[in-house]
Amino acid sequence: MSHPVDEYQRRLAKLNQLKEQGQDPFGHHSCARTHSIAQLHSDFAQLEGQVVSVAGRIVALREHGKSTFADLQDASATVQIYAQLDVLGEDDYTHFQDLDLGDIIVVEGELFQTRSDEVTVRCAAFLLLAKALRPLPEKFHGLQDQELRYRQRYVDLLANEQVRELFRARSRIIQAARDYLSQRDFLEVETPMLQPLYGGAAARPFTTYHNTLQMQLYMRIAPELYLKRLIVGGYERVFEMGRVFRNEGIDTRHNPEYTLLEVYEAYADYEDMMTLTEGLVGAMCQAVHGALKFTYQGHEINLTPPWQRISLLEAIREYGGVDLSGIESAEAAREQAVAAGLERQTLEGQSLGYVIDKLADRFVQPQLIQPTFITDYPVEISPLAKRKPDNAQLTERFEPFIGGIEIGNAFSELNDPLDQRERFEAQAAARAAGDEEAHPLDEDFIRALEYGMPPTGGLGLGIDRLVMLLTDQPNLREVIFFPLLRPSDE
RNA sequence: GGGCCGUUAGCUCAGUCGGUAGAGCAUCGGACUUUUAAUCCGAGGGUCGCAGGUUCGAUCCCUGCACGGCCCA
């Protein structure tokens, strides 16, 4: 080799050499596995001395001249393979030595223990099932570069066991939520992701186009308005867990597409939704911690019900030191907010409810480490929630917070079609005034309410954020397999 | 959108008060039949993110850009 050859070229040459010898690693191979690798360990007492067949990726190679050790990894575990010249014969042993880190093989041989008690397969035969043309990341540190980890999650996963485990935890958490609801007779349903009109949240949508129908469509920002139509239709307990799409910024707690759980229960109200939230989030926590306690970024968090309940205005007074009692105009609230340290510019022209919400975001939310329900949100920022019986300016709504993070939103659903129309009209006015997150008016949804919707409690939970909390991750992107990134140059 | 930080070998990271760079792992060659972050001997591998500027000379200083991270909006 007069010229330096890079690793990819080296491996490609090996692949071509194999093909010339009549072997195609990517061809059809029967790879009858007798056991998962985890079974070799768990059932070693029974399997010792027997011939087993396991398959996986080579993640380590230790060559000793006339014998070679390899570590083979499948989805369940890792096991050591021992290849010996006098067992395999010269040709096969040479082929074994030609294997590279990352190659995927199937190995057959007797199971034994080395003198240091390592469970090991004595390789009697092996077959290359897939050639890895690219080298693995560094074996001890794995792949650390955050950008690469997200862009090439497959490498992150194959190199970092803790990342594989993290996403298994995500799956268990989601399964726990489904089980919890199914056991309580909630029906899992599916509603449109492509919608002619979007609604159910304050957010800007992604827009798309249907060619044949020649119409603009929106990716849903929430399933809410469809799920409530199903309550009108007579189902009493429904839920949907699925992706929603919001055309807004990306940060440690926002990804443009994320997984939202929405639950609706007829003949229930927002207080029932608090109880449901406590039970549901508790079950999700149990699924990964086996208890109602966990640690998030150094904070001990206890999910034992009942969670703290405090109204939005009380919370602002208690946690933020801003007393808005008696304040009725947006201007007066804005002055208070600016005095407290909010930027005037962001509050200009906004409603009283908006100012209150911003005060809470800034001064209250970060302090809500233990699970807390903030209740009684202003009606102008809650266009789908029922008003409080004793105060028409507030709604029967709450947001749950854990670890300083908002994890959901819930209310007694507004079922008065006449009030709903007025709310939509107020939203239209807000939109005309420049609020791009205001709801468009959905005539068909009002018509559905006009057929009569029973009193209903509704709950939305941000699944990614809950997973982030329950797995102690500081960044939402850590719990989304393929977070959205700008394309790189390469 | 703003501020701060990062981008050096395939990977993990050092480093150069401005004189074109190092380690470990990985790779290649040699030794080694119970090792396991194997060990020992030897070797190759870099447009130091991209583009300009300052300078005799830039990976290092300056400006812009790209991508990412953290914080703020």
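Lettering of chains follows the sequences in order, A, B, ..., and the numbering in each one begins at 1.
Take the nearest nucleotide of RNA chain B for A:His141 and for A:Thr120: the residue whose nucleotide is more 5' is A:His141. With RNA chain B read from its 5' end, the first of the two nearest nucleotides for A:Arg486 and A:Asp100 is the one closest to A:Asp100.
One interatomic measurement links the two molecules: CD of A:Glu138 to P of B:C11, which rounds to 11 Å at whole-angstrom precision. We find that CG of A:Leu85 is positioned 13 Å from P of B:U34, with the value rounded to whole Å. B:G10 atom P lies 18 Å from atom CG of A:Leu12, rounded to whole Å. Rounded to whole Å, the distance from CD on A:Gln146 to P on B:C11 is 16 Å. What separates CZ of A:Phe69 from P of B:U35 is a distance of 7 Å, to the nearest Å.
Backbone-only engagement by A:Gly142 is indicated by non-hydrogen atom pairs under 4.0 Å involving sugar-phosphate atoms exclusively. At a threshold of 4.0 angstrom between heavy atoms, the contacts of A:Leu136 with the nucleic acid are absent. Base engagement by A:Glu63 is indicated by at least one non-hydrogen atom pair under 4.0 Å involving a base atom. Among the heavy atoms of the strands lying under 4.0 Å from A:Tyr150 are primed sugar atoms or P, OP1, OP2 only; no base atom is included. Counting non-hydrogen atoms under 4.0 angstrom, A:Gln84 reaches a base of the nucleic acid. Residue contacts shown for A:Gln144 are limited to sugar-phosphate atoms, with no base heavy atom under 4.0 Å away.
Nucleotide B:A38 is matched to nothing when pairs are restricted to Watson-Crick or G-U wobble geometry with both distances under 3.5 angstrom. Remark: B:A58 base-pairs with no nucleotide in the shown strands. Criterion, Watson-Crick or G-U wobble with two distances under 3.5 Å. In this structure, B:G49 and B:C65 make a Watson-Crick or G-U wobble pair, each of the two defining distances being under 3.5 angstrom. With a 3.5 Å ceiling on both atom-pair distances, the Watson-Crick or G-U wobble partner of B:G1 is B:C72. Remark: B:C13 base-pairs with B:G22; criterion is Watson-Crick or G-U wobble with both hydrogen-bond distances under 3.5 Å.
You'll find that the side chain of A:Pro135 is closest to B:G10, out of B:U34, B:G10, B:U35. The A:Lys139 side chain lies nearest to B:C25 when the options are B:U34, B:U27, B:C25. Checking B:A38, B:U27, B:U34 against the side-chain heavy atoms of A:Phe112 singles out B:U34 as nearest. Nearest to the side chain of A:Arg10, among B:A73, B:U35, B:U27, sits B:U27.
Taking atom P on both B:U59 and B:G3, the two are 27 Å apart, rounded to the nearest angstrom. B:G10 and B:C28: their P atoms are spaced 16 Å apart (whole Å). When the P atom is used for both B:C4 and B:A37, the distance is 45 Å, rounded to whole Å. To the nearest whole angstrom, the two P atoms, one in B:G19 and one in B:U27, are 34 Å apart. B:U35 and B:C13 have their C1' atoms separated by 27 Å, given to the nearest Å. Distance noted for atom P between B:C60 and B:G1: 27 Å (whole Å). The separation of B:A21 from B:A26, taken at their P atoms, amounts to 26 Å, rounded to a whole angstrom. For the C1' atoms, the distance linking B:U20 with B:A9 amounts to 15 Å, nearest Å.
The closest side-chain heavy-atom distance from A:Leu368 to A:Tyr319 is below 4.5 Å.
Look at A:Arg362 and you'll find a side-chain N or O under 4.0 angstrom from OP1 or OP2 of B:A73. Side-chain N/O atoms of A:Arg149 include none lying less than 4.0 angstrom from OP1 or OP2 on B:G68. Contact annotation: A:Arg62 reaches the phosphate of B:A38 (side-chain N/O to OP1 or OP2, under 4.0 Å).
Ion pairing between A:Arg431 and A:Glu437 fails under the 4.0 Å rule for side-chain N and carboxylate O. A salt bridge links A:Lys14 with A:Asp100: the closest approach of a Lys/Arg side-chain nitrogen to an acidic carboxylate oxygen falls below 4.0 angstrom. No salt bridge links A:Glu314 with A:Arg317; every basic N to acidic carboxylate O contact stays at or beyond 4.0 Å.
Evaluation of the salt bridge (Lys or Arg N to Asp or Glu O under 4.0 Å) rule for A:Lys358 yields A:Asp361 as partners, not counting sequence neighbours.
Taking 3.5 Å as the limit, the base of B:U35 and the side chain of A:Gln80 contain a donor-acceptor pair of atoms between them.
With 3.5 Å as the limit, one finds a donor-acceptor pair spanning the side chains of A:Arg397 and A:Asn409.
Each of A:Glu118, A:Arg62, A:Gln113 was compared with A:Gln80 under the side chain to side chain donor-acceptor pair (under 3.5 Å) criterion, and only A:Arg62 meets it.
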